[in-house]
Structures are given as structure tokens and as C-alpha cells.
Amino acid sequence: MQVSKEVLEGISLLGDATVFQDDVFQQLIDLVFEEVSTSLACSKLLSVPVVSPIILKKVHAAVVTFVYDAAKWNTNNSSITSILEDCKFDSDRISNFLSLYDKNKTKIQSHLSNVGSYRPHIVDVDWTEHYVIKSNNLERICLPSYIISLKTDSLNQDGSSNLDSTQFVCTLEQLQDLVGQLKDAVKSLERISQGQ
């Protein structure tokens with residue numbers, strides 16, 4: 001698990017017993033795990049007695065980030081222990097942290113699975129060809145045009161599926177250009193997935 005320098009600094013402050021005594025440490029850890037496992041904003045944070053509100057905010061942000069990242073990557077306890085030891089946590093604080101992490105891990109992961117923006121993805125394509133013989137401006141055209149209908153599926157915040165349809169009209173040249181761009185995108189994704 002990769003942890004940023006800022007997060008490590010914040011966690012190191014939390015591990016420092018001169019900045020956060022054991023009762024304050026426990027109170028802050030309890031609040032953080034309550035916040036991340038219920039996805040509610042923590043309004044009790046300012047009631048934690050610390051030297052400075054700036055330090056409290058820095059530590060809070062670091063611990064929340066660390067907990068979310070650990071749950072996101074399904075980090076094992078030995079990796080978390082190693083990071084916490086590097087951040088000056090003693091064995092009691094590590095065991096308190098790990099017990100709360102283990103207790104709330106599935107709730108946090110469930111919450112994380114519902115967070116994010118999901119772009120619609122194409123599930124079906126329909127098309128029809130129309131042959132335009134003449135228009136208001138020109139006497140004769142005699143060109144085909146294509147009506148493309150893309151059916152997309154997107155996830156709502158509650159996890160339900162939402163089907164939409166997007167339609168556009170294009171000429172033969174525009175359709176050939178679209179197909180060429182899609183082929184280029186597929187080749188690029190294949191190169192990326194193969195690590196080239």
C-alpha cells in the first residue's frame with residue numbers, strides 16, 4: 001500500500017503520545033471509524049481536546065485517507081501494522097486501530113463501492129439508413145445518411161440501472177470516421193492492457 005508523505009505526517013502526529021494522549025487518541029480513532037463506516041460527516045470532531053485545531057484537522061484528514069485507502073486496497077493487518085510502527089504507534093495503539101479496522105472493514109468497503117461517478121457504457125447499437133433524394137436547398141442530393149441510436153446503461157447512486165438512448169445522424173464519411181476512431185481506441189486500450 002502506497003501512502004503519501006502528508007498522510008504519513010498526519011498519522012505520525014497521531015502516534016506521538018505527547019501530542020495525543022491515550023484517551024484523546026481513542027476518542028479520535030472512534031470518531032474516525034464511526035465517520036467512515038457510516039458515511040456521515042463527523043460533527044463531534046471539534047469536541048476532541050487537542051493542542052491545535054490545525055493539527056486536529058491534519059490528523060483527521062490523514063487518518064480518514066489512510067483508512068479509506070487501506071479498505072479500498074483490502075490491505076492486510078501486517079502491512080497496516082508496519083506503516084503504523086513507522087509512524088511511532090506503540091503496540092496498544094496499533095491493536096486498538098486494527099481492532100476498529102477489522103470490525104468496520106466490510107462496512108467501509110461497502111460504502112466505498114457506492115461512491116463514485118459511473119459513466120454510462122454502451123450496451124446496444126441500432127442504426128437505420130436513409131437515402132436522401134432532395135432537400136429544400138438542392139434539387140437532387142442522392143446521398144445516404146445514417147441514424148445511429150446508442151443505448152447506454154448507467155448506475156444510479158442507489159445502485160439501480162438506468163437505460164438511456166442517444167441518437168445522432170451522420171453521413172457515410174462521418175460514419176467511417178467514427179468507426180476508424182473506435183478501432184484506434186480499441187488498439188490503444190489493448191496496448192495499455194498489455195503494458196506497452
Side-chain angles (χ1 to χ4, degrees), residues 1-121 152-162 188-189 191-196:
M1 180 175 143
Q2 299 255 342
V3 183
S4 72
K5 180 182 142 189
E6 293 82 10
V7 171
L8 287 175
E9 289 172 359
I11 295 172
S12 294
L13 281 171
L14 182 63
D16 189 351
T18 61
V19 179
F20 289 92
Q21 287 78 29
D22 289 338
D23 58 333
V24 177
F25 168 84
Q26 192 62 48
Q27 184 181 2
L28 181 60
I29 291 297
D30 289 339
L31 286 174
V32 166
F33 276 98
E34 178 185 343
E35 177 183 350
V36 297
S37 64
T38 60
S39 72
L40 297 174
C42 195
S43 60
K44 303 174 195 173
L45 182 64
L46 296 176
S47 66
V48 176
V50 291
V51 177
S52 163
I54 294 171
I55 291 175
L56 178 63
K57 288 180 183 180
K58 181 176 184 174
V59 169
H60 175 262
V63 174
V64 168
T65 302
F66 181 70
V67 170
Y68 276 139
D69 281 347
K72 175 182 174 183
W73 297 109
N74 200 22
T75 307
N76 60 20
N77 287 354
S78 63
S79 297
I80 293 173
T81 300
S82 173
I83 293 169
L84 294 178
E85 285 173 347
D86 292 343
C87 293
K88 306 180 220 171
F89 274 59
D90 61 18
S91 60
D92 290 337
R93 289 185 177 201
I94 291 173
S95 66
N96 287 344
F97 187 92
L98 289 176
S99 67
L100 285 171
Y101 175 74
D102 289 337
K103 178 181 171 186
N104 294 297
K105 183 178 178 180
T106 55
K107 290 179 190 174
I108 297 166
Q109 289 174 333
S110 174
H111 170 66
L112 284 173
S113 68
N114 293 327
V115 174
S117 60
Y118 302 100
R119 293 195 170 122
H121 58 278
T152 58
D153 185 17
S154 60
L155 291 176
N156 297 326
Q157 288 293 339
D158 61 357
S160 63
S161 182
N162 185 23
S188 295
L189 287 173
R191 274 187 260 133
I192 290 171
S193 68
Q194 294 172 356
Q196 295 178 349

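Annotation for Ala70 and Ile80: closest pair CB-CD1, 4.0 Å, computed over non-hydrogen atoms. Closest approach of Ala71 to Leu112, counting heavy atoms only: CB-CD1, 4.2 Å. Closest approach of Ala61 to Thr65, counting heavy atoms only: O-OG1, 2.7 Å. Smallest separation of non-hydrogen atoms from Ala62 and Gly10: CB-CA, 3.6 Å. The minimum heavy-atom distance between Phe20 and Leu13, with the atom names listed, is CD1-O, 3.3 Å.
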- Task: For the pair Leu14 and Phe89, evaluate side-chain contact (heavy atoms from CB on, under 4.5 Å) and give the outcome as yes or no after the intermediate values.
- Result: CA-CA 8 Å; Leu14 182 63; Phe89 274 59; 3.9 Å; yes

- Message: Does Thr75 form a side-chain contact (heavy atoms from CB on, under 4.5 Å) with Asp69? I'd like the steps, not just the answer.
- Response: CA-CA 8 Å; Thr75 307; Asp69 281 347; over 6 Å; no

- Give the C-alpha distance, both sets of side-chain angles, the deciding distance and a yes or no for side-chain contact (heavy atoms from CB on, under 4.5 Å) between Ile83 and Val3. CA-CA 9 Å; Ile83 293 169; Val3 183; 3.8 Å; yes

- Item | Check against side-chain hydrogen bond (donor to acceptor under 3.5 Å, both in side chains), Gln26 and Asp30 | CA-CA 6 Å; Gln26 192 62 48; Asp30 289 339; 3.1 Å; yes

- Item | Derivation and outcome, side-chain contact (heavy atoms from CB on, under 4.5 Å), residues Val36 and Val63 | CA-CA 10 Å; Val36 297; Val63 174; over 6 Å; no

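At least one donor-acceptor pair under 3.5 Å links the side chain of Ser12 to the backbone N or O of Leu8.
With rounding to the nearest 0.5 angstrom, the CD1 atom of Ile11 is 8.5 Å from the OG atom of Ser4. Annotation: the span from Asn104 atom CG to His111 atom NE2 amounts to 12.0 Å, rounded to 0.5 Å. Ile108 CD1 to Lys103 NZ: the interatomic distance, rounded to the nearest 0.5 Å, is 11.5 Å. One finds the CG atom of Asp22 at 5.0 Å from the CZ atom of Arg93 (value rounded to the nearest 0.5 Å). Atom CE of residue Met1 and atom NZ of residue Lys72 lie 10.5 Å apart, to the nearest 0.5 angstrom. Considering OG1 of Thr18 and CG of Asp16, their distance stands at 3.0 Å, rounded to 0.5 Å.
In this structure, Val19 and Ile55 have side chains that are in contact, with non-hydrogen atoms separated by less than 4.5 Å. Residues Phe97 and Thr81 have side chains not in contact (no heavy-atom distance under 4.5 Å, counting atoms from C-beta outward). Between Val32 and Leu100 the shortest side-chain heavy-atom distance does not fall below 4.5 Å.
When the shell of 6.0 Å around NZ of Lys105 is examined, it contains more than 12 heavy atoms from other residues, nucleotides or ligands.
Here Phe66 and Tyr101 keep their ring centres 6.0 angstrom or further from each other.
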